[in-house]
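Along the sequence shown, residues carry numbers from 1. Given the structure is predicted, the values throughout are model-derived calculations rather than measurements.
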Amino acid sequence: MKVSKYLKDKKLSIILFVACFFIMSGMFFAFRIPKQLVAATAIIYFLMGICLILIDLCRKKKFYDGLVDNTNALDQKFLVLETLEKPNFYEGEILYENMYEINKSMVERIGDYRENIDDFKEYIEMWIHEVKIPISSLVLMCHNDKKDNKGILQEQSFAMNNMNEKYIKQIRRLDNYIDQVLYYMRSNCTENDYLIKETRLDKIVGNVLIKNKDDLLENKINISVDIKACKVMTDAKWIEFILNQIINNSIKYKRSQSDCMIKIQAKEDVGSVYLSIYDNGIGIPSKDVASVFKKSFTGENGRKGAKSTGMGLYIAKKLCMKLGHKIEISSKENQWTKVTIIFGKNDYYKFEK
(Lines give C-alpha, C1' and ligand atoms only; values in the text may rest on other atoms or scores of the structure.)
Protein backbone atom coordinates (compact mmCIF):
# COMPACT_ATOMS: atom_id res chain seq x y z
CA MET A 1 0.00 0.00 0.00
CA LYS A 2 1.58 3.25 -1.17
CA VAL A 3 1.34 6.28 1.15
CA SER A 4 1.18 8.72 -1.78
CA LYS A 5 -1.84 6.99 -3.27
CA TYR A 6 -3.50 6.75 0.14
CA LEU A 7 -3.09 10.53 0.66
CA LYS A 8 -4.34 11.15 -2.88
CA ASP A 9 -7.42 9.09 -2.08
CA LYS A 10 -7.94 11.19 1.09
CA LYS A 11 -7.51 14.45 -0.82
CA LEU A 12 -11.14 15.55 -0.41
CA SER A 13 -11.11 14.87 3.35
CA ILE A 14 -7.86 16.82 3.75
CA ILE A 15 -9.24 19.79 1.79
CA LEU A 16 -12.39 19.84 3.94
CA PHE A 17 -10.24 19.58 7.07
CA VAL A 18 -8.11 22.61 6.06
CA ALA A 19 -11.19 24.57 4.97
CA CYS A 20 -12.80 23.99 8.36
CA PHE A 21 -9.64 25.28 10.02
CA PHE A 22 -9.74 28.56 8.05
CA ILE A 23 -13.45 29.01 8.82
CA MET A 24 -12.77 28.37 12.50
CA SER A 25 -9.80 30.77 12.45
CA GLY A 26 -11.99 33.49 10.86
CA MET A 27 -14.53 33.05 13.65
CA PHE A 28 -11.75 33.30 16.24
CA PHE A 29 -10.57 36.63 14.81
CA ALA A 30 -14.15 37.90 14.50
CA PHE A 31 -14.73 37.29 18.19
CA ARG A 32 -11.31 38.78 19.06
CA ILE A 33 -9.95 35.55 20.58
CA PRO A 34 -6.37 35.98 21.84
CA LYS A 35 -3.72 35.01 19.31
CA GLN A 36 -2.00 32.63 21.74
CA LEU A 37 -5.23 30.60 22.12
CA VAL A 38 -5.76 30.60 18.33
CA ALA A 39 -2.22 29.27 17.83
CA ALA A 40 -2.63 26.59 20.50
CA THR A 41 -5.97 25.53 19.03
CA ALA A 42 -4.43 25.35 15.53
CA ILE A 43 -1.56 23.16 16.74
CA ILE A 44 -3.91 20.78 18.58
CA TYR A 45 -6.27 20.74 15.59
CA PHE A 46 -3.57 19.79 13.07
CA LEU A 47 -1.89 17.28 15.42
CA MET A 48 -5.23 15.57 15.94
CA GLY A 49 -5.83 15.44 12.14
CA ILE A 50 -2.36 14.03 11.47
CA CYS A 51 -2.77 11.40 14.21
CA LEU A 52 -6.13 10.30 12.82
CA ILE A 53 -4.65 9.92 9.32
CA LEU A 54 -1.60 8.01 10.62
CA ILE A 55 -3.71 5.62 12.73
CA ASP A 56 -6.02 4.93 9.79
CA LEU A 57 -3.04 4.53 7.44
CA CYS A 58 -1.22 2.08 9.74
CA ARG A 59 -4.27 -0.16 10.23
CA LYS A 60 -5.08 -0.33 6.52
CA LYS A 61 -1.46 -0.58 5.38
CA LYS A 62 -0.83 -3.61 7.61
CA PHE A 63 -3.89 -5.46 6.28
CA TYR A 64 -3.55 -4.60 2.59
CA ASP A 65 0.23 -5.12 2.49
CA GLY A 66 -0.31 -8.56 4.02
CA LEU A 67 -3.04 -9.28 1.46
CA VAL A 68 -0.82 -8.31 -1.49
CA ASP A 69 2.34 -10.04 -0.22
CA ASN A 70 0.59 -13.29 0.69
CA THR A 71 -1.30 -13.36 -2.60
CA ASN A 72 1.94 -12.98 -4.56
CA ALA A 73 3.64 -15.68 -2.50
CA LEU A 74 0.93 -18.31 -2.94
CA ASP A 75 0.56 -20.67 -5.89
CA GLN A 76 -3.08 -21.29 -5.05
CA LYS A 77 -4.08 -17.69 -4.53
CA PHE A 78 -7.63 -18.49 -3.44
CA LEU A 79 -6.15 -19.69 -0.11
CA VAL A 80 -4.90 -16.20 0.77
CA LEU A 81 -7.78 -15.62 3.18
CA GLU A 82 -6.45 -18.41 5.40
CA THR A 83 -3.20 -16.46 5.88
CA LEU A 84 -4.82 -13.21 7.04
CA GLU A 85 -6.15 -12.03 10.38
CA LYS A 86 -9.57 -10.42 10.41
CA PRO A 87 -9.03 -6.62 10.11
CA ASN A 88 -10.07 -4.21 12.86
CA PHE A 89 -11.57 -1.52 10.63
CA TYR A 90 -15.02 -1.51 9.02
CA GLU A 91 -13.99 -1.41 5.35
CA GLY A 92 -11.59 -4.30 5.89
CA GLU A 93 -14.29 -6.33 7.67
CA ILE A 94 -16.62 -5.90 4.69
CA LEU A 95 -13.86 -6.98 2.29
CA TYR A 96 -12.86 -9.93 4.50
CA GLU A 97 -16.40 -11.24 4.90
CA ASN A 98 -17.16 -10.94 1.19
CA MET A 99 -13.90 -12.66 0.29
CA TYR A 100 -14.87 -15.46 2.67
CA GLU A 101 -18.24 -15.92 0.96
CA ILE A 102 -16.64 -15.81 -2.50
CA ASN A 103 -13.99 -18.34 -1.44
CA LYS A 104 -16.61 -20.61 0.10
CA SER A 105 -18.68 -20.52 -3.09
CA MET A 106 -15.65 -21.24 -5.25
CA VAL A 107 -14.55 -24.21 -3.08
CA GLU A 108 -18.05 -25.68 -3.33
CA ARG A 109 -18.03 -25.29 -7.10
CA ILE A 110 -14.56 -26.85 -7.33
CA GLY A 111 -15.77 -29.74 -5.16
CA ASP A 112 -18.71 -30.36 -7.50
CA TYR A 113 -16.43 -30.08 -10.51
CA ARG A 114 -13.91 -32.57 -9.09
CA GLU A 115 -16.69 -34.97 -8.19
CA ASN A 116 -17.98 -34.84 -11.77
CA ILE A 117 -14.47 -35.33 -13.15
CA ASP A 118 -13.83 -38.28 -10.82
CA ASP A 119 -17.13 -39.86 -11.87
CA PHE A 120 -16.19 -39.39 -15.52
CA LYS A 121 -12.72 -40.89 -14.98
CA GLU A 122 -14.23 -43.83 -13.14
CA TYR A 123 -16.65 -44.42 -16.00
CA ILE A 124 -13.88 -44.18 -18.63
CA GLU A 125 -11.68 -46.64 -16.72
CA MET A 126 -14.59 -49.05 -16.37
CA TRP A 127 -15.42 -48.67 -20.07
CA ILE A 128 -11.79 -49.32 -21.05
CA HIS A 129 -11.65 -52.51 -18.99
CA GLU A 130 -14.94 -53.64 -20.51
CA VAL A 131 -13.92 -52.88 -24.10
CA LYS A 132 -10.67 -54.82 -23.67
CA ILE A 133 -12.70 -58.04 -23.33
CA PRO A 134 -14.15 -57.94 -26.89
CA ILE A 135 -10.75 -56.83 -28.21
CA SER A 136 -9.11 -59.91 -26.68
CA SER A 137 -11.96 -62.01 -28.06
CA LEU A 138 -11.39 -60.61 -31.55
CA VAL A 139 -7.69 -61.51 -31.41
CA LEU A 140 -8.56 -65.03 -30.26
CA MET A 141 -11.16 -65.39 -33.02
CA CYS A 142 -8.65 -64.33 -35.66
CA HIS A 143 -6.10 -66.87 -34.39
CA ASN A 144 -8.78 -69.58 -34.37
CA ASP A 145 -9.69 -68.70 -37.95
CA LYS A 146 -6.08 -69.39 -38.94
CA LYS A 147 -6.37 -72.93 -37.60
CA ASP A 148 -9.74 -73.47 -39.27
CA ASN A 149 -8.35 -72.36 -42.64
CA LYS A 150 -6.09 -75.40 -42.88
CA GLY A 151 -8.88 -77.53 -44.28
CA ILE A 152 -9.58 -75.34 -47.31
CA LEU A 153 -7.73 -74.66 -50.51
CA GLN A 154 -4.19 -73.34 -50.09
CA GLU A 155 -4.81 -70.11 -52.02
CA GLN A 156 -7.98 -69.34 -50.07
CA SER A 157 -6.26 -70.24 -46.81
CA PHE A 158 -3.33 -67.91 -47.57
CA ALA A 159 -5.67 -65.05 -48.47
CA MET A 160 -7.79 -65.49 -45.34
CA ASN A 161 -4.75 -65.81 -43.08
CA ASN A 162 -3.32 -62.65 -44.60
CA MET A 163 -6.61 -60.89 -43.96
CA ASN A 164 -6.61 -62.11 -40.35
CA GLU A 165 -3.08 -60.72 -39.89
CA LYS A 166 -4.32 -57.33 -41.02
CA TYR A 167 -7.23 -57.51 -38.61
CA ILE A 168 -4.96 -58.51 -35.74
CA LYS A 169 -2.57 -55.67 -36.53
CA GLN A 170 -5.36 -53.08 -36.40
CA ILE A 171 -6.75 -54.64 -33.20
CA ARG A 172 -3.29 -54.35 -31.58
CA ARG A 173 -3.15 -50.69 -32.58
CA LEU A 174 -6.59 -50.16 -31.09
CA ASP A 175 -5.52 -51.90 -27.89
CA ASN A 176 -2.44 -49.68 -27.64
CA TYR A 177 -4.50 -46.50 -28.09
CA ILE A 178 -6.94 -47.68 -25.42
CA ASP A 179 -3.99 -48.26 -23.07
CA GLN A 180 -2.83 -44.71 -23.77
CA VAL A 181 -6.24 -43.36 -22.76
CA LEU A 182 -6.24 -45.44 -19.57
CA TYR A 183 -2.75 -44.45 -18.47
CA TYR A 184 -3.32 -40.82 -19.42
CA MET A 185 -6.42 -40.77 -17.21
CA ARG A 186 -4.44 -42.29 -14.36
CA SER A 187 -1.32 -40.17 -14.81
CA ASN A 188 -2.82 -37.37 -12.70
CA CYS A 189 -3.44 -39.67 -9.73
CA THR A 190 -0.73 -42.33 -9.93
CA GLU A 191 -0.40 -42.35 -6.14
CA ASN A 192 -3.74 -44.20 -5.99
CA ASP A 193 -2.60 -46.94 -8.35
CA TYR A 194 1.13 -47.63 -8.28
CA LEU A 195 3.02 -50.05 -6.06
CA ILE A 196 6.73 -49.39 -5.63
CA LYS A 197 8.80 -52.48 -4.99
CA GLU A 198 12.08 -54.08 -6.06
CA THR A 199 11.63 -55.41 -9.60
CA ARG A 200 13.85 -57.24 -12.07
CA LEU A 201 14.35 -55.30 -15.29
CA ASP A 202 14.84 -58.43 -17.40
CA LYS A 203 11.36 -59.66 -16.42
CA ILE A 204 9.77 -56.30 -17.32
CA VAL A 205 11.56 -56.14 -20.67
CA GLY A 206 10.62 -59.76 -21.40
CA ASN A 207 6.93 -59.03 -20.84
CA VAL A 208 7.07 -56.02 -23.16
CA LEU A 209 8.84 -57.97 -25.92
CA ILE A 210 6.32 -60.81 -25.67
CA LYS A 211 3.47 -58.33 -26.01
CA ASN A 212 5.07 -56.87 -29.15
CA LYS A 213 6.44 -60.11 -30.62
CA ASP A 214 3.98 -60.21 -33.55
CA ASP A 215 4.86 -56.67 -34.64
CA LEU A 216 8.58 -57.35 -34.20
CA LEU A 217 8.40 -60.53 -36.30
CA GLU A 218 6.20 -58.93 -38.95
CA ASN A 219 8.62 -56.02 -39.36
CA LYS A 220 11.67 -58.32 -39.23
CA ILE A 221 13.29 -56.40 -36.40
CA ASN A 222 16.20 -58.07 -34.60
CA ILE A 223 16.25 -57.77 -30.81
CA SER A 224 19.38 -57.58 -28.67
CA VAL A 225 18.95 -57.62 -24.88
CA ASP A 226 21.78 -57.12 -22.38
CA ILE A 227 20.29 -56.55 -18.94
CA LYS A 228 21.75 -59.24 -16.66
CA ALA A 229 20.42 -59.15 -13.10
CA CYS A 230 19.60 -55.46 -12.68
CA LYS A 231 16.96 -54.67 -10.08
CA VAL A 232 15.23 -51.33 -9.59
CA MET A 233 12.67 -49.80 -7.25
CA THR A 234 9.64 -49.05 -9.42
CA ASP A 235 6.14 -50.11 -10.38
CA ALA A 236 6.36 -52.90 -12.97
CA LYS A 237 3.00 -52.17 -14.59
CA TRP A 238 3.75 -48.50 -15.24
CA ILE A 239 7.26 -49.20 -16.53
CA GLU A 240 5.92 -51.89 -18.88
CA PHE A 241 3.55 -49.31 -20.36
CA ILE A 242 6.38 -46.76 -20.73
CA LEU A 243 8.65 -49.31 -22.44
CA ASN A 244 5.78 -50.43 -24.66
CA GLN A 245 5.37 -46.85 -25.95
CA ILE A 246 9.11 -46.64 -26.69
CA ILE A 247 9.18 -50.03 -28.47
CA ASN A 248 6.09 -49.10 -30.50
CA ASN A 249 7.82 -45.92 -31.64
CA SER A 250 10.92 -47.91 -32.63
CA ILE A 251 8.74 -50.21 -34.72
CA LYS A 252 6.66 -47.40 -36.19
CA TYR A 253 9.67 -45.32 -37.25
CA LYS A 254 11.90 -48.11 -38.56
CA ARG A 255 13.77 -47.80 -41.83
CA SER A 256 12.73 -49.86 -44.82
CA GLN A 257 15.74 -52.18 -44.73
CA SER A 258 16.46 -55.75 -43.76
CA ASP A 259 18.86 -55.09 -40.87
CA CYS A 260 16.46 -53.26 -38.54
CA MET A 261 17.30 -53.74 -34.89
CA ILE A 262 16.39 -52.71 -31.36
CA LYS A 263 19.06 -52.98 -28.69
CA ILE A 264 18.05 -52.90 -25.01
CA GLN A 265 20.80 -52.50 -22.41
CA ALA A 266 20.98 -51.87 -18.69
CA LYS A 267 23.97 -50.45 -16.85
CA GLU A 268 24.39 -49.37 -13.26
CA ASP A 269 26.72 -47.30 -11.19
CA VAL A 270 26.84 -46.35 -7.53
CA GLY A 271 23.71 -44.22 -7.55
CA SER A 272 21.64 -45.13 -10.63
CA VAL A 273 20.52 -47.79 -13.09
CA TYR A 274 20.35 -46.80 -16.77
CA LEU A 275 17.96 -48.66 -19.08
CA SER A 276 18.59 -47.74 -22.74
CA ILE A 277 16.50 -48.61 -25.78
CA TYR A 278 18.43 -48.06 -29.01
CA ASP A 279 17.11 -48.48 -32.55
CA ASN A 280 18.60 -47.83 -35.98
CA GLY A 281 15.42 -46.31 -37.37
CA ILE A 282 14.78 -43.06 -39.21
CA GLY A 283 15.85 -40.98 -36.22
CA ILE A 284 14.50 -37.62 -35.15
CA PRO A 285 15.37 -34.25 -36.74
CA SER A 286 17.58 -32.23 -34.40
CA LYS A 287 15.03 -29.41 -34.23
CA ASP A 288 12.38 -31.82 -32.90
CA VAL A 289 14.40 -33.67 -30.24
CA ALA A 290 13.80 -31.09 -27.51
CA SER A 291 10.02 -31.20 -28.06
CA VAL A 292 9.24 -34.92 -28.35
CA PHE A 293 7.98 -35.11 -24.73
CA LYS A 294 5.54 -32.24 -25.22
CA LYS A 295 1.84 -32.97 -25.25
CA SER A 296 0.43 -33.75 -28.75
CA PHE A 297 3.76 -32.97 -30.43
CA THR A 298 4.08 -35.07 -33.59
CA GLY A 299 7.04 -33.39 -35.28
CA GLU A 300 8.27 -33.90 -38.80
CA ASN A 301 8.22 -37.71 -38.60
CA GLY A 302 4.65 -37.76 -37.31
CA ARG A 303 3.49 -35.78 -40.33
CA LYS A 304 5.20 -38.04 -42.87
CA GLY A 305 4.40 -41.71 -43.16
CA ALA A 306 3.41 -42.94 -39.71
CA LYS A 307 0.36 -41.43 -38.10
CA SER A 308 1.08 -40.16 -34.61
CA THR A 309 -1.00 -38.77 -31.75
CA GLY A 310 2.01 -37.21 -30.01
CA MET A 311 0.79 -38.61 -26.68
CA GLY A 312 2.92 -41.75 -26.13
CA LEU A 313 6.18 -40.09 -25.06
CA TYR A 314 4.29 -37.30 -23.28
CA ILE A 315 2.53 -39.84 -21.04
CA ALA A 316 5.79 -41.78 -20.61
CA LYS A 317 7.59 -38.63 -19.43
CA LYS A 318 4.75 -37.75 -17.06
CA LEU A 319 4.67 -41.22 -15.51
CA CYS A 320 8.46 -41.25 -15.10
CA MET A 321 8.28 -37.98 -13.21
CA LYS A 322 5.51 -39.34 -10.98
CA LEU A 323 7.57 -42.46 -10.23
CA GLY A 324 10.70 -40.43 -9.53
CA HIS A 325 12.61 -41.61 -12.61
CA LYS A 326 14.22 -39.60 -15.40
CA ILE A 327 13.80 -40.17 -19.11
CA GLU A 328 16.11 -38.78 -21.78
CA ILE A 329 16.23 -39.05 -25.55
CA SER A 330 18.97 -38.50 -28.13
CA SER A 331 18.87 -39.11 -31.85
CA LYS A 332 20.55 -38.57 -35.20
CA GLU A 333 18.34 -38.21 -38.22
CA ASN A 334 18.34 -41.17 -40.61
CA GLN A 335 20.66 -43.12 -38.28
CA TRP A 336 19.48 -43.90 -34.76
CA THR A 337 17.42 -43.02 -31.70
CA LYS A 338 18.24 -43.78 -28.08
CA VAL A 339 15.86 -43.45 -25.13
CA THR A 340 17.27 -43.83 -21.61
CA ILE A 341 15.30 -44.29 -18.41
CA ILE A 342 17.30 -43.51 -15.26
CA PHE A 343 16.30 -45.25 -12.02
CA GLY A 344 17.74 -43.82 -8.84
CA LYS A 345 18.94 -46.27 -6.21
CA ASN A 346 16.89 -45.43 -3.15
CA ASP A 347 16.31 -47.61 -0.07
CA TYR A 348 13.32 -45.53 1.03
CA TYR A 349 10.80 -48.16 -0.11
CA LYS A 350 12.72 -51.18 1.17
CA PHE A 351 11.34 -52.76 4.30
CA GLU A 352 13.51 -54.65 6.72
CA LYS A 353 12.39 -58.22 7.39
Would the number of heavy atoms belonging to other residues, nucleotides or ligands and lying under 6.0 Å from CE of Met321 be above 12?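 Not buried by this count: 12 neighbours or fewer within 6.0 Å.
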
Taking NZ in Lys77 as the centre, count heavy atoms belonging to other residues, nucleotides or ligands within less than 6.0 Å. Is the count above 12?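 Buried by this count: over 12 neighbours within 6.0 Å.
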
Do NZ/NE/NH1/NH2 and the carboxylate oxygens of Lys211 and Asp179 come within less than 4.0 Å?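 Yes, Lys211 and Asp179 are salt-bridged.
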
With a 4.5 Å limit on heavy-atom distance, are the side chains of [X] and [Y] in contact?
X	Y	answer
Asp259	Asn222	no
Thr199	Lys197	yes
Ile262	Asn280	no
Ile247	Asp279	no
Val225	Leu209	yes
Asp215	Glu218	yes
Leu16	Ser13	no

Heavy atoms only: give me the nearest [X]-[Y] pair and the separation to one decimal.
X	Y	result
Gly312	Gln245	CA-OE1, 3.6 Å
Arg255	Gly281	NE-O, 3.4 Å
Phe297	Val292	CD2-CA, 3.9 Å
Val273	Glu268	CG2-CB, 3.8 Å
Ser276	Thr340	OG-OG1, 3.3 Å
Cys230	Ala266	SG-CB, 3.9 Å

Any residue meeting salt bridge (Lys or Arg N to Asp or Glu O under 4.0 Å) with Asp202, in chain and number order, not counting sequence neighbours: Arg200

Could you work out, with salt bridge (Lys or Arg N to Asp or Glu O under 4.0 Å) as the rule, every residue matching Lys61, not counting sequence neighbours? Asp65

Residues that Asn207 engages under side-chain hydrogen bond (donor to acceptor under 3.5 Å, both in side chains), provided they are two or more places apart: Glu240

Could I get the full list of side-chain hydrogen bond (donor to acceptor under 3.5 Å, both in side chains) partners for Asn244, not counting sequence neighbours?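 Counting only residues at least two positions away or on another chain, Asn244 forms a side-chain hydrogen bond (donor to acceptor under 3.5 Å, both in side chains) with Asn176, Asn212.
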
Under 3.5 Å, which donor-acceptor pairs do the side chains of residues 323-332 form with other protein atoms, sequence neighbours left out?
residue : atom : partner : partner atom : Å
His325  : NE2  : Thr234  : OG1          : 2.8
Ser331  : OG   : Ile284  : N            : 2.8
Ser331  : OG   : Trp336  : O            : 2.7
Ser331  : OG   : Thr337  : OG1          : 3.0

Remaining members of hydrophobic cluster (4.5 Å side-chain criterion), Ile15: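 In the cluster with Ile15 there is nothing else; it is isolated.
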
Supply the members, apart from Val270, of the Ile/Leu/Val/Met/Phe/Trp/Tyr cluster built from side-chain contacts under 4.5 Å; use none for a lone residue.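 Traced through the cluster, Val270 reaches no other member.
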
With a cut-off of 3.5 Å and sequence neighbours excluded, list every side-chain donor-acceptor pair involving residues 39-46.
residue : atom : partner : partner atom : Å
Thr41   : OG1  : Leu37   : O            : 2.7
Tyr45   : OH   : Phe17   : O            : 3.0

Going by side-chain contact (heavy atoms from CB on, under 4.5 Å), name the residues that satisfy it together with Lys263, two or more places apart in sequence or in a different chain. Ser224, Met261, Gln265, Tyr278

The criterion is side-chain contact (heavy atoms from CB on, under 4.5 Å); which residues satisfy it with Ser25, sequence neighbours excluded? Phe21

Residues in ring-ring contact (aromatic ring centres under 6.0 Å, His included) contact with Phe241, at least two apart in sequence or another chain: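 Tyr183.
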
Is it true that a side-chain atom of [X] and a backbone atom of [Y] form a donor plus acceptor pair closer than 3.5 Å?
X	Y	answer
Ser291	Val289	no
Asn116	Asp112	yes
Asn219	Ile221	no

Would you list the atom pairs, donor with acceptor, under 3.5 Å between side chains in residues 88-111 and any protein atom, with sequence neighbours excluded?
residue : atom : partner : partner atom : Å
Glu91   : OE1  : Lys60   : NZ           : 3.2
Asn98   : ND2  : Ile94   : O            : 2.7

Relative to Tyr274, does Lys267 satisfy both conditions: NZ or CZ under 6.0 angstrom from the six-membered ring centre, and within 45 degrees of the ring's axis?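 No, Lys267 and Tyr274 do not form such a contact.
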
Against Lys295, only a single residue in Lys318, Met311, Lys317 fulfils side-chain contact (heavy atoms from CB on, under 4.5 Å); can you say which?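 Considering Lys318, Met311, Lys317, a side-chain contact (heavy atoms from CB on, under 4.5 Å) with Lys295 is found only for Met311.
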
